[in-house]
Amino acid sequence: MNGEDAFTFIDSLVASKNGAGFSDAEKNVFLGIWEDKFYRVIAEEMNFEEQSVKEIGGRLFNKISEVSQVETKIQKNKCISPIANS
């Protein structure tokens, strides 16, 4: 599964539960994390402050955790495996 496929999959799950999917910024952070990029690099690519990207990432992981059937809280270093295995 590539990053775009994974994003489409998880975005549809979040949208079906919450009525709305991810924002463009959340998508960019998700794809950056999927590509194993550091927050600093993602921030530079998005022209955002690193702290803002970390905050977006936190919201992103909370949304993913809400729809995940995995017992473990979803975090940056544990993001890809649960999604790829779904």
Side-chain angles (χ1 to χ4, degrees):
M1 179 179 291
N2 67 34
E4 284 289 338
D5 292 340
F7 177 80
T8 300
F9 171 73
I10 200 70
D11 187 52
S12 67
L13 289 177
V14 169
S16 68
K17 179 173 173 99
N18 299 336
F22 294 118
S23 68
D24 289 341
E26 289 169 327
K27 178 180 181 178
N28 290 332
V29 171
F30 178 92
L31 293 174
I33 290 168
W34 190 269
E35 295 171 3
D36 203 27
K37 295 179 181 177
F38 292 104
Y39 282 129
R40 176 185 47 78
V41 174
I42 298 168
E44 289 171 4
E45 291 175 351
M46 294 174 63
N47 201 26
F48 279 38
E49 293 293 323
E50 183 176 355
Q51 185 59 40
S52 295
V53 171
K54 288 179 180 180
E55 291 169 5
I56 293 166
R59 288 193 308 269
L60 173 74
F61 298 129
N62 286 338
K63 289 179 181 181
I64 294 171
S65 292
E66 289 175 6
V67 299
S68 174
Q69 296 179 6
V70 178
E71 297 290 323
T72 307
K73 182 177 178 176
I74 304 296
Q75 299 173 330
K76 184 178 189 254
N77 60 347
K78 300 177 189 173
C79 175
I80 294 173
S81 181
I83 296 168
N85 293 330
S86 295

How long is the straight-line distance from [atom2] of [Y] back to [atom1] of [X], given to the nearest 0.5 Å?
X: K63; Y: L13; atom1: NZ; atom2: CG; answer: 13.5 Å
X: N2; Y: W34; atom1: CG; atom2: CH2; answer: 8.0 Å
X: I10; Y: K27; atom1: CD1; atom2: NZ; answer: 14.5 Å

Shortest non-hydrogen contact between G21 and A15, atoms and distance = N-CB, 3.8 Å
Shortest non-hydrogen contact from M46 to V29?
-> SD-CG2, 3.8 Å
Parallel under 30°, tilted from 30 to 60°, perpendicular over 60°: which one fits the rings of F30 and F22?
-> parallel
Reference residue E26; test side chain to side chain contact (heavy atoms under 4.5 Å, CB included); the match among D11, L60, L31, V14 | L60
Just list the side-chain donor-acceptor pairs under 3.5 Å for residues 51-59, sequence neighbours left out, or say none.
none

